[in-house]
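Excluded from the calculations below are hydrogen atoms, water molecules and symmetry mates; all remaining heavy atoms, backbone and side chain alike, are included. Fair warning: this is a prediction, and the values are worked out from it, not measured in the lab.
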Amino acid sequence: MPVVNPEQLVALQRNPEGIRNICILAHVDHGKTSLTDALIATNGIISPKLAGKIRYLDSRPDEQTRGITMESSAISLYFSMLRRSAPDATPEQKEYLINLIDSPGHIDFSSEVSTASRLCDGAVILVDAVEGVCSQTVTVLRQAWVEHMKPLLVINKMDRLVTELKMTPGEAYTHLSKLLEQVNAVLGSFFQGERMEEDLNWRERMDERIAAAAAKEQERAQKDDINGANGTSIDTESMISSNNEYEERDDEDIYFAPEKNNVIFSSAIDGWAFTVRQFASLYEKKLGIKRTAMEKVLWGDFYLDPKTKKVLAQKHLKGRNLKPMFVQLVLDQIWAVYQATTGGDNGKGDPVLTEKITKSLNITLPSHITRSRDPRAILTTLFSSWLPLSTALLVSVIESLPSPPAAQESRLPALIDASPGFTHVDPVLRDAMINFKTSKAAPIVAYISKMVSIPESELPENKRRGGALSPEEAREMGRRKRAEIARARALEDGGTPDPLDNLTEAIGGTSLEVPAEEEQTPNREHLIGFARIYSGTLSVGDSVYVIPPKFTPANPHQSPEPQKVTVTALYLLMGRGLEPLTSVPAGVVFGIGGLEGHVLKSGTICSQLEGSVNLAGVNMGSQPIVRVALEPENPADLEKMIQGLKLLVQSDPCAEYEQFQSGEHVLLTAGELHLERCLIDLRERFARCEIQAGEPIVPYRETIVRAEEMKPPASKELGRGTVIASTTSKQVTVKINIRPLPAEVTEFLAKNSAAIRRLYADRQAAEKGAQSNGTVEKEDVDEDGLVDSTKVLSLPEFKKQLQAAFDSVKGQREIWANTVEQITAFGPRRTGPNLLIDRTDDAICGKFLRDNPSDEKEQTVGETLQARDFSDKISYAFQLATAQGPLCNEPVQGIAVFLEEVTVTQTDEESSTRDNLGRLTGEVIKTVQQAIKQGFLDWSPRLLLAMYSCEIQASTEVLGRVYDVLTRRRGRVLSEAMKEGTPFFTIQSLLPVAESFGFSDEIRKRTSGAASPQLIFQGYEILDEDPFWVPFTEDDLEDLGELADKENVAKRYMDGVRKRKGLMVQGRKLVKDAEKQKTLKR
Amino acid sequence: MPINQPSNQIKLTNVSLVRLKKAKKRFEIACYKNKVLEWRNGIEKDLDNVLQINNVFLNVSKGQTAPSADLARAFGPKTKVEDIILEILSKGELQVGEKERHAQLERVHNEVVGIVASKLVDPKTKRVYTTGMIEKALDMLSSQGSQAQAAGSGTGTPGTGEDGEAKPKTKEHVWTGVVATKSAKSQALEAMKALITHQPIPVARARMRLRITCPTNVLKQSAKSAGPKATDDTEDGEEKKGTVKDRILGYIEQVETQDVVGSEWEVTGFVEPGAFKGLSDFIGSETKGQGRVEVLDMAVTHED
């Protein structure tokens, strides 16, 4: 095939009937890219000999080395075929443009599949003939089903049946029919699931279907007449109709059946493929059976009567042992070819047989091939002239997959109705999209599925658009080139271009058609949108609205309001290369430039804002769940890394980036493989610096509980949790009491931290207000300003609810009786779920939750030190103590600190008491902090683990393994429910964040990808184990021994954190057995 | 002369000595390596796992056991050998084992890095760095520091080459890594200063948020203690004649709110942690305890 030049493709874009947008979907390693190769070879881009080996669309180096596709990429192909518009009309040459998207098959990249499928109208689904339906096959089938794409099944790697499994044609036939059944069973399950979901619409739809079926029946009846007249066997027809009747009760149009021409048998590596129709036409003359009839009977349990040359159904066999027609007429031939070329004694083939076959097929093999020692060369040449892969596939694509106008008509109504706020979509727009308006006047709607990052050097900016160069232009080009080279050289030299170069550059820049091009610095990454236009014609220079994914046409001016952006470039996607375009009509898949910074991941562009449609609100197939903390190897590269991460997030639909309060940069990816790819991208393209990935820091919380058995309180007479502490100078003595807060209260406080923060802010605001009003009241608050708070609770409400939370606690009511009024502070960070409660007799601390400002006593300022002077110190100490708990310096939650008594002992030299305040400040803070820690440890301390809520979808077969992984990771199953109408179970569980590193990878491995978890941060949960617990009761000692054989999980977590933070780790021995040390000198 | 054969050689392996000088005699006990510190910390409770031989020696390597007369003289008569061993174990001087030293250094290092990481922020984003980043930055510093030192001693005069690491003289903050002898806090401060002066990554101290209240009548007075202060602090020198208010505001880098409520002047602002002590002393002395400094936040970092 000659090389097809891009101009030809551009011209073809104008003819929507001749466009097919297809994507190739399959499980990993089922041969998507090899198949694509074979198609690319037909356009002369790569040599047909190399097809299936060089994997042209795997343009990344890591894709090539690993041999798997990681990014979906598109290519436009040209195909011309002779087509009859009517059965008897003379065939006329028709040209087609096929926009092909090759998608990755690995589960980590399923987001790429979702984006690719949205762009296309039809899907080519590959299944390995040997491996059959795999987990990702099911996923892609569902994707096609959800996206309402017309599927085409390719059973690939047929050669493996011959060469590897050494099946006989008969066995192969049964194998294939089983495989087909599997695929159809999957589709059937989708159908059933959908039917159950849409129970309401069901009846209506069934009615339609029955009507359609009736119409079909009629058609068939007519056909029967024709067939009958032609003298073919009536039996076949009755057979078919009985088959169809059975199917009609089901959703017959969704299933794959070779007789419907939506199944292709192929071997991409050997370069052949066929459909039943192809063979039907081959045998049309030979057997004298009408092609249409032949198509119907070639697959299935039909047999050819060798004597009468009539087609028989199974019941008419009468015990004769005949091969099914498919075996006899199709598979036998192929097997024979394999036998002739690569079969034989030592895989060298059988030249005699080969010659026979070539003769009967009317194929002449070039002499250099026949003489070649490589039997595969003969095989591929034979097949490529007999059953070329591209013809079978492309003809089927063109015949059975819809063209953009047809596809949009059927797909888009559902698509638009699924988009947010669809009722507000402009009817004109809707009409234009559904009815495929390509005129300039029609509104432009295009969907950008993802942003691809292309290095500057690969942009075709320097190419002239179409036509030959005029002399001036050629000179211009040359000048530009020179300038560029000079600039590049200057940059290499040290980044300071000398003024001369700048001058030439400036001259060059003045006469450019697109001045923007020159501004780009070399080797920068450019983001190009991977887009599909649904209506209108988009040209370079058009300015369009970019509609973000969260947009809803219901209120188009909601902030952030969509921006208007000028399209700077349009490209034809040719795999690795790009070809510039000036305009694209509806129905084309193309690349679009100029959206950098406007479209984050996906988006819609539209020529109008009012009543526009948001197509980007697609639900992604998989959520990113693998989290790693990233760090540049060289700390100075941090800025670069952050920039790189931002670029990466834009160009990858499934990667997310978060920055945590701890300063960590956490990258979320779909899987380990995806992570690896992201890291390579970051290192080599986006950030260009070495980056390390590690386990993110896991947060914990600390709390105390009233346990069943606790060690005796530190001091008997004071009671548990009470500590009397005095400062080192013995001047100030503080008595505090620590208690665990009731769970309800803790929960309430944690939930309403926003309200507390708000209260603080309001108080400050109110203070300001009070000041401006000139009120004399000191630091006092007019709480009326809180009324306006709508979302967060206002103060009275907050108090009421807090009181209610306290009241709901059973038992020890007297302790919490009056607490709400006495709350002085919340902590840590003054919003947390811990309380400082003032129980001193004269209430030294200010009340935080006052209603009435007047009950505050005026603070008397005297020379002598008073307890009141220390109130802020104590409050601050409380904040510090709750921010760093005693277990492992993690924030504390759910404790109440009762300040019971503060006494100040006057020292002898009273003159210096005031001067001492500075010194005492530190002492008091330290003492109170220590006291709170002591009181804390007097109770039974607990660690709270950060938890993910984990939702796992798994089929019944792998359910056990899922549980296995969950239990090993210390997860807890909350619920398990069968999803109606599907064979899937949904498992809700909780999983500690600390154990989640590598979880997704493990679960995928263990279940061979059949279970897909989703992790969402849930909150903190108490780990009911005292980290300090050692066996001390007699029973325990007897059961567990002194060293507690059972591992204390809480202690393990605690020690881990302590080690990380450089705190003392209790009881960790450097050397367990002193005698077993290595004594040799190194 | 005894024949030195492998069979009659006794080699001291896996031995760490603890020595105690008492009554002009040196007593030694033979312990296992890496165990004595654990014993002293109370982590290891099994004496047999610490002690090689239940005996007191004058010289372990020679196998000289201590005569009971010496023991009685040094530790008092009728003291049991076990008690003597315990005393030597707890009071004697010891060799720190390799692993022990390593563990201790690591702990101090982690602690220092933890403190530094919590106190330093990126000046642009006000976000904290992770401990890993701080660690790397410190690593860079220490390697730089050692190079600079090597260069300095090379180029410097031979006389000063010896005390090239006389940091306090030059007032240059050099970070040379963690040592186990100093407290983690002081080392962290040192590390922070070094990081801020050299800026291997853009860092700044996280500011403290303070609320300062002061009676208004004091504000207008000129600062009493300005004279002595100004002499030792150049920063204050400019505001020698300033009022109390000016002085206070001088301490504050960024004022958040400032208003007068009744007779009290109240200001909330961000203060560099180093200036806190001075500020609080100043207010204490100027206002005679009427003014107050309240710490709202120790380290202000970006919050989500």
Could you look at A:Arg1060 and say if it's the side chain, the backbone, both or neither that has a heavy atom under 4.5 Å from chain B? backbone
Atom CG in A:Asp637, atom CD1 in B:Ile201: separation rounded to 0.5 Å? 11.5 Å
Using heavy-atom distances under 4.5 Å, tell me whether A:Ile925 contacts chain B through its side chain, its backbone, both, or neither. neither
Member of B:Thr130, B:Val128, B:Thr131 meeting the side chain to side chain contact (heavy atoms under 4.5 Å, CB included) criterion with A:Glu664: B:Thr130
I'd like to check A:Lys1061 versus B:Glu111 (side-chain heavy atoms, cut-off strictly below 4.5 Å). Are they in contact? no
Can you tell me which portion of B:Glu106 sits under 4.5 Å from chain A's heavy atoms? Options are side chain, backbone, both or neither. side chain
Between B:Pro200 and A:Ala636, the two heavy atoms sitting closest are O-CB, 3.8 Å
Gap separating the CZ atom of B:Arg107 from the CG atom of A:Leu1063, nearest 0.5 angstrom: 8.0 Å
Report yes if the side chains of B:Met133 and A:Leu638 come closer than 4.5 Å at any heavy-atom pair, otherwise no. yes
Given that the side chain runs from C-beta out, which part of B:Lys45 has a heavy atom under 4.5 Å from chain A: side chain, backbone, both or neither? neither
For chain B, find which of A:Gln879, A:Gln692, A:Arg1058 contributes the most heavy-atom pairs closer than 4.5 angstrom. A:Gln692
Heavy-atom contact with chain B under 4.5 Å, split by part of A:Glu633: backbone
Could you check whether any side-chain heavy atom of A:Glu631 comes within less than 4.5 Å of a side-chain heavy atom of B:Lys136, counting everything from C-beta outward? yes
Let me confirm one number: the OH-NE2 distance from B:Tyr129 to A:His665, rounded to the nearest 0.5 Å. 8.0 Å
